[in-house]
Amino acid sequence: MAKREKPIPRKDWYQLDLSAIVYPTLHRHDFAPVYRQSVLLTEVVDPELLQRAVDLTMPRFPTYKVAMRKGLFWRYLEPNDRPGPFVQPDIKNPCQPMYFKGNNRYLIRFYYYRNRISLEAHHSLGDGTGCMCVLQTVTAVYLRLKGYPVETAFSKEQGYFVMNIDKQPDPEELEDAYMKYANAKFCPPRPGEKTYRIRGTKESFYTLNIIDGIMSTSAVLAVAKGYHATITEYLNAVLLYALLKKQESDRRLRLKPVKVAMPVNLRRFFPSKTLRNFITMIYPGVDPRLGEYTFEEIVTQVHNDMRYHINEKFLRGDITTNAATKRHPLIRIVTLFIKDFVIKLFYTRVQDHNSSAGLTNMGALKVPESMKPYIVRFDIYMGQPFSSRTNCAIISYEDTLTINFASSIIEADVERYFFRKLVQDGIHVKIESNREMTLEV
Amino acid sequence: MSYCVNCGVELEQSLGQCPLCNTPVINPREAVCNKSPFPEEKGQVEVVKRKDMSILLTTVMVSTSIVCGLLNVLVYSSRPWSLAVIGACILLWVILIPIAIYTRLSVYTSVLLDGLGTVIYLYMLTFLSESSQWFWGIGMPIAVLVTLVTEFLVVCFQMLPRSFLTNTLYSFTSLAALNIGMEILIDRYLQGTVQLGWSTIVLTVCIIVNITIITLLSRKRLRNAVRKRLHF
């Protein structure tokens with residue numbers, strides 16, 4: 001093991017980044033914005049070694065070893081020196097609410113089950129990319145502790161998620177990148193339109209229904225190419241198609257636009273190394289009030305929509321609009337509880353109505369060659385949706401593409417239409433689920 | 001491996017039914033195995049302890065009461081002034097019960113306890129005044145009236161349909177009842193007879209507002225027109 005560097009002075013506190021400000025205000029007794037990432041190994045996990053790996057890894061990620069605190073005007077993150085986080089046996093109902101005062105004030109949980117390591121994190125800490133760095137680094141350290149020749153010393157330029165735990169964190173990893181790049185000279189207005197919302201029967205407290213679809217990446221890519229689209233565009237179109245079918249089956253008198261909330265990783269457009277949140281949302285969709293869409297038309301619509309919205313200029317404008325609220329002097333001097341009230345009202349009345357479902361694509365994961373023999377696949381769950389709907393998360397590793405649906409409603413109509421469409425397109429889908437099923441058809 | 005005959009997807013070995021359409025798996029060549037990729041154990045949400053806050057509050061209230069009581073007995077003993085402080089501590093503690101001490105307390109019981117706390121506080125103040133006549137004549141009846149009207153409002157909010165208009169209707173009804181009751185109690189205490197005056201003006205305004213709201217509630221077209229013009 002290389003010699004450790006001289007420690008740089010630790011920060012006493014961290015401001016919440018632009019996205020992270022919103023998440024704590026949405027807390028309910030039965031909801032917290034918690035997401036999960038899992039890695040499936042080729043062999044059964046040893047909990048003691050995993051705990052050692054977590055203990056060795058967490059100091060490398062100071063913004064993940066924190067507690068949430070309240071100030072007079074804003075919340076902030078404070079380094080947490082309490083014991084933990086502790087690894088624990090996995091549970092059937094993941095992404096449980098995360099109370100700030102529970103779990104020794106940690107906003108991160110580690111689970112193990114057979115050959116799976118799972119990490120659950122509060123969205124205030126970071127986005128999927130940051131969390132994946134923590135998970136892959138823990139996995140790499142764990143494999144090394146097992147005695148496998150796993151490389152962990154990589155340079156940033158190599159683009160791996162595995163970080164060198166012997167190095168000090170780069171200050172850029174801890175920054176709020178939004179404020180750095182939110183510098184457009186104009187704040188474009190936020191698009192806002194009420195969209196179709198799924199009406200479902202709420203599950204009992206606290207159940208998260210999971211349906212995983214496992215398929216071949218190359219098969220999906222071939223089908224997507226057939227529609228002249230990328231995998232993300234194609235799967236986005238399939239989800240929109242499923243939502244349209246669901247709206248049709250609801251037999252509503254008035255149709256509403258169907259949109260999907262999709263986070264875009266801003267690191268692709270702005271050169272930031274941050275491990276905190278650095279995403280923004282786009283809302284590709286179709287409006288059935290204008291006429292019936294064929295699937296090919298949906299794909300074209302999504303393709304054009306994404307090409308139009310996902311570019312450096314548009315995204316810079318979007319984050320500038322969001323940052324303008326935080327920068328406004330009048331908003332800054334308003335006390336936290338008023339901010340909480342207003343943000344929650346805005347989210348429940350406007351933001352939550354902007355989309356019918358959520359979809360995130362982590363893309364093809366890059367794993368160091370030395371780790372590849374020990375990894376089967378990755379899973380990602382967006383966690384419990386704020387309202388009664390379903391969230392879809394996609395991740396691919398080598399030739400395995402996993403689509404994970406998570407919802408807290410009993411009905412699985414959207415998931416059914418979604419996977420049936422994939423099967424119709426000739427993709428072989430294997431289904432796994434934690435749902436407790438009744439024998440009624 | 002089994003496939004769903006409806007959806008065409010391959011089902012993981014532990015699934016006895018298709019999770020997408022609930023179709024049972026019937027495969028005589030392959031029995032359903034119990035080895036699910038998901039754990040069987042359900043997790044429990046961690047309970048956040050509010051003990052620290054409740055201990056701190058109780059300690060502050062109790063120590064304030066004891067210290068003031070001792071000061072009253074040993075130093076400034078001309079009048080039982082500490083009863084006002086002790087009564088205020090009891091009242092504050094009762095109000096804080098549902099917030100910090102026992103959060104599962106129903107809202108009805110909380111309101112009832114708040115009313116009881118106020119009555120006790122007022123009674124303690126009688127020791128500072130020359131007679132307790134004001135307490136029995138006006139203090140306690142008004143505290144009871146306010147408690148009853150608040151309970152009525154809570155019942156309306158909890159049991160009846162809620163919207164901006166209905167909430168206003170319940171609030172104005174409660175306001176009218178409270179004002180009439182207050183004037184009756186004040187008149188009875190001061191004059192010995194009841195002669196309604198100012199409260200009838202409040203009652204008239206409340207009745208006008210309530211009739212308008214009931215009309216709005218019963219006419220959908222009218223309600224939508226008002227909502228459209230007054231939305232915020």
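Letters go in sequence order (proteins before strands), and every chain restarts at 1.
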- Message: As an exercise: rank A:I211, A:L422, A:N93 by heavy-atom pairs under 4.5 Å with chain B and give me the winner.
- Response: A:N93
- Message: If I measure from the heavy atoms of chain B, does A:V429 come under 4.5 Å with its side chain, its backbone, both, or neither?
- Response: both
- Item | With B:Y123 via ring-ring contact (aromatic ring centres under 6.0 Å, His included) - residues at least two apart | B:F127, B:F135
- Task: Identify whether the distance between the nearest side-chain nitrogen and carboxylate oxygen of A:E432 and A:R377 falls below 4.0 Å.
- Result: yes
- Against chain B, label A:I210 side chain, backbone, both or neither, depending on which of its atoms sit under 4.5 Å from a heavy atom there. side chain
- Is the NZ or CZ atom of A:R435 positioned over B:F38's six-membered ring, under 6.0 angstrom from the centre and within 45° of the axis? no
- Give me the ring orientation class for A:H122 and A:F100: parallel if the planes are under 30° apart, tilted from 30 to 60°, perpendicular past 60°. tilted
- Task: Answer with side chain, backbone, both or neither: which region of A:N209 has an atom nearer than 4.5 Å to a non-hydrogen atom of chain B?
- Result: neither
- Taking only Lys NZ, Arg NE, NH1 and NH2, and the carboxylate oxygens of Asp or Glu, determine whether A:D90 and A:R36 approach each other closer than 4.0 Å. yes
- Message: Using a 4.5 angstrom heavy-atom cutoff, name the option from B:G8, B:G43, B:C4, B:S36 with the most pairs to chain A.
- Response: B:G43
